[in-house]
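Once you've had a glance at the structure underneath, I'll fire off some questions.
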Amino acid sequence: MSDGKKVSKSQGFRRTRRLRRTAGLRRLVQENRLDPSDFIYPLFLRHGKGIRHEIPSMPSCYQLSVDQLAAEAEELSNLGIPGVILFGIPAEKDPIGRENFAEDGIVQQGIRQLKAVDPDLTVITDVCLCEYTDHGHCGLINHGDPRPRPTLPEGAILNDETLEILGRVAQSHADAGADMVAPSGMIDGMVLAIRQALDQAGFEHLPILSYAVKYASSFYGPFRDAAESPPQFGDRRSHQMDPANQRIALREAAIDLEEGADILMVKPALPYLDVLSDIRDRHPEVPLAAYQVSGEYAMLKAAGQQGWLDERGAALESLLAIKRAGASFILTYYAKQAARWLRHQTKEEVLAAEV
Ligand code: PBG
């Protein structure tokens, strides 16, 4: 400059890169972080002994018999994962799904075993009919001659008749020692019915995690192999939500809170981050769960196995995105793998980590 004054090179623009220059600075300004305590691990239980069946479409995930649960609980505890959600594959299926509320049902046995080996493990149970009914639907079906409800078509779901069963299932899980029940059927009134059933049975202290915002998603495909629960006719679009819709999710969330839900859930997770974020904004005071579902897991696994994606990077990035969008915690088949990835970082890796 002719007058000798130094002019800042930064004049006219801002330098956001300053805070990204070193790993230390990046860590300091990191807004969200993953921790093993963010995860709930889903478990699939089946009758028998010594069973550890890997699920073909979900590598590293297994159907387990109850005798495998002590080792499983120990592993989870060592990894710092606070809880599990249980799904059961019954010995027999029937139109109403009797094993669902049987004292010696597979999930009831699993709850007792897990609480016996590790009382600190939080045991959540999925409360739905689809794994237990021979038709594979999440409610009772209008079927027979004469039909129970002549005003509804053959094959329709009997919403209100299903509520009583859901209450019985929740109570039987509570009796076995569950810490929280999670109704997943998108049946109208399910949260209220379960709240009333639990209260009447003396379980007013047991929280309800409602799958309040559950979409009719193609990403549940691998789960239906794992839980052996595909619908035998039709689909779930009369109760699960239309993926095209966003605003009705706010209503679903508000209704479930009114009915007594303690925690809300959005499912699937990554394809519905907008919905997760909306609900987080609308209900900032409510714990919010997200379910990274079987199809999300299968996609990442498959691409990783092909060498098309860095599985660790992509999986941790997905989980972090779900947290960033507003999830308080995440139900994920990656729980154990992600906990290991987060744990086994060297100091250098921690400093270099983007997650
Ligand atoms: C219903 C239930 C399903 C899942 C969790 N609970 C299946 C469905 O609604 O079809 C899906 C979870 C996943 O895909 O990982 N009991």
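Atoms within each ligand, like the ligands themselves, are counted from 1 in listed order.
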Out of curiosity, is Gln292 lining ligand 1, as in a heavy atom under 4.0 Å away?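 The answer is no, since Gln292 has no heavy atom less than 4.0 Å from ligand 1.
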Main-chain N/O of Lys49 paired to Asp67 side chain as donor or acceptor, under 3.5 Å: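 No.
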- Task: Work out whether the distance between some heavy atom of Lys267 and some atom of ligand 1 is less than 4.0 Å.
- Result: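 Checking ligand 1 against Lys267, which is what was asked, there is a heavy-atom contact under 4.0 Å.
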(Q) Would Lys323 and Phe329 count as a cation-pi pair here, with the cationic atom under 6.0 angstrom from the ring centre and within 45° of the axis? (A)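 No, Lys323 does not sit over the ring of Phe329.
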Practice task
Might you confirm whether atom CD of Gln306 has over 12 heavy atoms from other residues, nucleotides or ligands at distances under 6.0 Å?
Solution key: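 More than 12 within 6.0 Å, yes.
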- What are the two closest heavy atoms between Gln108 and Asn100, and how far apart are they?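 Residues Gln108 and Asn100, closest heavy atoms: NE2-O, 2.9 Å.
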Which of the numbered atoms in ligand 1 are below 4.0 angstrom from a heavy atom of Lys214?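 Counting from 1, the qualifying ligand atoms are 1 (C), 2 (C), 3 (C), 6 (N), 8 (C), 9 (O).
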- Kindly indicate, with the supporting measurements, whether the criterion ring pair (Phe, Tyr, Trp, His ring centres under 6.0 Å) is fulfilled by Phe44 and Phe223. CA-CA 10 Å; Phe44 299 99; Phe223 173 93; 5.5 Å; yes
Requested in this report: Would you mind running through ligand 1 and noting each atom that sits below 4.0 Å from a heavy atom of Tyr333?
Outcome: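 Answer for ligand 1: 12 (C), 13 (C), 15 (O).
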inquiry  = So for Tyr291, does at least one of its heavy atoms come nearer than 4.0 angstrom to any atom of ligand 1?
reply    =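 Yes; Tyr291 lies near enough to ligand 1 that a heavy-atom distance drops under 4.0 Å.
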- Query: How close does the nearest protein non-hydrogen atom get to atom 12 (C) of ligand 1, and which residue and atom is it?
  - Reply: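 Result: Phe223 CD1, 3.4 Å.
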> Are side-chain N/O atoms of Glu92 and Tyr132 paired as donor and acceptor at under 3.5 Å?
Replying inline: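 No, no side-chain donor-acceptor pair sits under 3.5 Å.
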> Counting each atom of ligand 1 from 1 as listed, which ones have a heavy atom of Cys130 under 4.0 Å away?
Replying inline: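 Atoms satisfying the 4.0 Å criterion: 1 (C), 16 (N).
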Which ligand 1 atoms, with their elements, are less than 4.0 angstrom from a heavy-atom of Arg224?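 So the atoms of ligand 1 that pass are 8 (C), 10 (O).
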### Query
Would you call the rings of Phe233 and His137 parallel, tilted or perpendicular, where under 30° means parallel and over 60° means perpendicular?
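Tilted.
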When you compare the side chains of Asp134 and Gln232, does any donor N or O come within less than 3.5 Å of an acceptor on the partner?
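Short answer, no.
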message = Under 4.0 Å from a heavy atom of Cys128: which atoms of ligand 1 are those, numbered in the order shown and with their elements?
response =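 Result: 16 (N).
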Protein heavy atom at shortest distance from atom 8 (C) of ligand 1:
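Residue, atom and distance for the closest contact: Arg236 NH1, 3.2 Å.
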Counting non-hydrogen protein atoms only, what is the nearest one to atom 14 (O) of ligand 1? Give residue, atom name and distance.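 Answer, as residue, atom name and distance: Ser294 OG, 2.7 Å.
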